[in-house]
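Notes follow once the structure below has been shown.
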Amino acid sequence: TDPALIRNFCIIAHIDHGKSTLADRMLQITGVVDDRSMRAQYLDRMDIERERGITIKSQAVRLPWDGHVLNMIDTPGHVDFTYEVSRSLQACEGAVLLVDAAQGIEAQTLANLYLAMSADLHIIPVLNKIDLPAAQPEKFAEELAGLIGCDPSDVLKVSGKTGVGVRELLDHVVSSVPAPVGDADAAARALIFDSVYDTYRGVVTYVRVMDGHLGKRERILMMSTNATHETLEIGVISPEPKTSDLGLGVGEVGYLITGVKDVRQSRVGDTVTSAVKGAQNALAGYEHPKPMVFSGLYPIDGDEYPELREALDKLQLNDAALIYEPETSAALGFGFRVGFLGLLHMEIVRERLEREFGLSLISTAPNVVYRVVMEDGAELTVTNPSEFPTGGKISQVFEPVTKSTILAPSEFIGAIMEICQGRRGQLLGMDYLSEDRVEIRYTLPLGEIIFDFFDQLKSRTRGYASLDYEPAGEQEADLVKVDILLQGEAVDAFSAIVHKDKAYTYGVDMAKKLRELIPRQQFEVPIQAAIGARVIARENIRAIRKDVLAKCYGGDISRKRKLLEKQKEGKKRMKMVGRVEVPQEAFVAALSTD
Ligand code: GTP
């Protein structure tokens with residue numbers, strides 16, 4: 001295709017502002033999906049995506065419109081996947097900035113807009129859901145215009161649900177988004193903006209060609225890993241894959257298949273070139289995904305350890321950001337320490353392990369990564385709180401911090417500041433988006449955000465606040481390890497790293513929560529919280545004698561067996577820690593504040 005006829009664009013939006021629904025409508029209006037085979041969220045292929053109604057993986061579709069080729073690149077909308085969003089944006093020249101006309105601008109609207117602006121994209125401001133009775137198109141058109149510096153009348157108004165305004169939006173993409181430019185005669189350079197594992201075909205790599213040309217049966221080189229492969233298949237998605245004998249030229253967006261089985265060999269952000277006479281310089285900005293949050297995963301039944309390993313291996317084929325290594329816990333046995341991009345990523349992985357692989361897992365409370373500098377200058381990266389060094393030899397501890405942006409109606413400023421201050425936040429600034437909506441920026445430790453910060457924020461603002469955060473380096477902090485002891489033995493899976501000023505309250509709260517969560521046993525169980533050798537809190541779980549068989553007189557065997565089985569059933573989600581039965585909830589007790 002002549003690059004002059006190509007328009008590459010993406011839709012960026014806050015979660016739930018209707019990106020997938022609008023994409024569905026575009027598929028239908030351009031005729032690539034007929035009305036009969038249309039189903040909601042056509043582009044979200046994974047079941048778990050459809051069920052949760054969120055987009056995890058970006059997808060690209062080719063849409064014919066008015067003699068042009070539009071490539072629509074759907075981007076993930078959640079903070080954990082910001083890196084994938086930014087790579088998708090690099091594959092485009094324009095972005096539709098979609099805002100719910102009943103909600104207005106939210107935190108991820110801003111975050112995505114800033115990403116799009118730094119990628120130099122042409123921005124098309126669009127208000128969605130104008131069919132809703134609660135829509136306030138005039139008010140929010142003004143807000144949006146103020147934000148990007150255009151006239152309120154330039155803001156398009158659509159409904160992804162009814163289709164109103166969608167044709168005009170497509171026309172607008174053709175007339176306002178610049179055509180791609182590249183050097184057709186140069187060595188091939190294509191950006192990988194997505195990479196998905198398919199059971200039957202292996203890894204499917206989505207690319208945007210910047211310069212040159214990629215063809216079928218060509219030897220290609222992945223520039224970050226230096227691995228070479230052969231393109232077995234190359235084509236475009238519209239909306240099902242169609243092979244293209246001509247390959248892909250400048251400005252085109254499509255997929256290629258090389259037969260590799262592991263997405264880590266075909267990484268998002270990497271540059272593909274020809275293996276022979278390839279490009280010298282890769283496209284800028286490639287980053288390895290960096291796990292920010294760690295948690296321990298253990299099979300409830302120790303025999304399932306090999307299955308857990310196999311399941312993680314399989315998931316990793318499709319998820320280059322997932323990392324894990326074997327770990328042994330005195331309390332929980334053999335398991336893995338797993339690194340995630342963020343909390344949502346963690347939840348998704350855990351859910352897939354349980355659902356798709358039928359595993360029953362114990363997971364420990366998530367923690368961030370700490371850098372510990374010892375007095376002798378030695379440095380330690382701590383991804384498991386139980387490995388935090390004790391004794392007086394620590395010189396400095398560093399924790400990751402974020403730049404967090406919170407958007408909310410201005411009546412909640414006080415509540416929001418209180419939450420942030422209570423979590424060691426430092427106010428960076430505050431701006432009014434309109435007279436009743438405010439943007440508040442804070443530096444916040446990531447470790448404080450992962451403990452139910454979002455839930456607190458939502459409940460204190462009646463659901464109105466939205467949050468976005470990005471990593472912003474590290475800071476030194478006064479952190480200590482709090483251990484929890486059952487029957488005088490420290491349980492490694494319960495250890496947490498906490499700010500010194502909060503350590504005492506944390507210990508007291510945890511001991512109390514555990515007393516409530518751990519069922520009474522045949523013997524007394526003392527619970528203690530300690531910093532080093534100093535005990536800071538103590539609770540007791542009193543003993544019971546609950547003999548279920550006592551009630552069965554005589555020898556009614558079948559009744560006895562039934563009772564024993566019932567009792568076993570009740571134990572399923574328990575893990576033996578020493579002699580004590582501990583339920584799964586206890587391991588994540590630290591996550592809930594009440
Ligand atoms: P993520 O993929 O999770 O980022 O969400 P999304 O932005 O793709 O939102 P999605 O398309 O899933 O829509 C969110 C909700 O809004 C769904 O319940 C839709 O049915 C609804 N919705 C989307 N567009 C419209 C619209 O134009 N009008 C109305 N009334 N509802 C809409």
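Note that these values count all heavy atoms, side chains included, but never hydrogens, waters or copies made by symmetry. Please read these numbers as outputs of a predicted model, since none were measured by experiment. Counting convention: from 1, in listed order, for ligands and their atoms alike.
Ring geometry for Y324 against F336 counts as perpendicular: the plane angle is over 60°, on a 0 to 90° scale with 30° as the lower cut.
The side chain to side chain contact (heavy atoms under 4.5 Å, CB included) with I192 is formed by just one residue from the set T271, V263, L283, V272; it is V272. Among the candidates L322, I323, L315, the single residue satisfying the side chain to side chain contact (heavy atoms under 4.5 Å, CB included) test with D319 is L322.
Residue contacts with ligand 1, taken as heavy atom pairs separated by less than 4.0 Å, involve S159 via backbone and side-chain atoms alike. Counting heavy atoms closer than 4.0 Å to ligand 1, residue T162 contributes nothing at all. The part of H17 lying near ligand 1 is the backbone, judged by heavy-atom distances below 4.0 Å. If you look at D131 next to ligand 1, the close heavy atoms, those under 4.0 Å, all belong to the side chain.
Within the set G163, A23, G160, A101, the minimum heavy-atom distance to atom 27 (O) of ligand 1 is found for G160. In this structure, of K19, Q108, R25, K129, the residue bringing a heavy atom nearest to atom 6 (P) of ligand 1 is K19. Around atom 11 (O) of ligand 1, the closest heavy atom drawn from I15, T21, I11, V166 belongs to T21.
Taking the charged nitrogens against the carboxylate oxygens, R424 and E399 do have a contact shorter than 4.0 Å, which makes a salt bridge. Salt-bridge formation is detected for the pair R441/D431: a Lys NZ or Arg NE/NH1/NH2 atom is positioned less than 4.0 Å from an Asp or Glu carboxylate oxygen. We find that R460 and D455 are not joined by a salt bridge, their nearest charged nitrogen and carboxylate oxygen being 4.0 Å or further apart.
Residue-ligand proximity, L132 to ligand 1, at heavy-atom distances under 4.0 Å covers atoms 30 (N).
With R337 contributing its side chain and T383 its backbone, the two residues share a donor-acceptor pair below 3.5 Å.
The distance criterion of under 3.5 Å between nitrogen or oxygen atoms is not met by A13 with respect to ligand 1.
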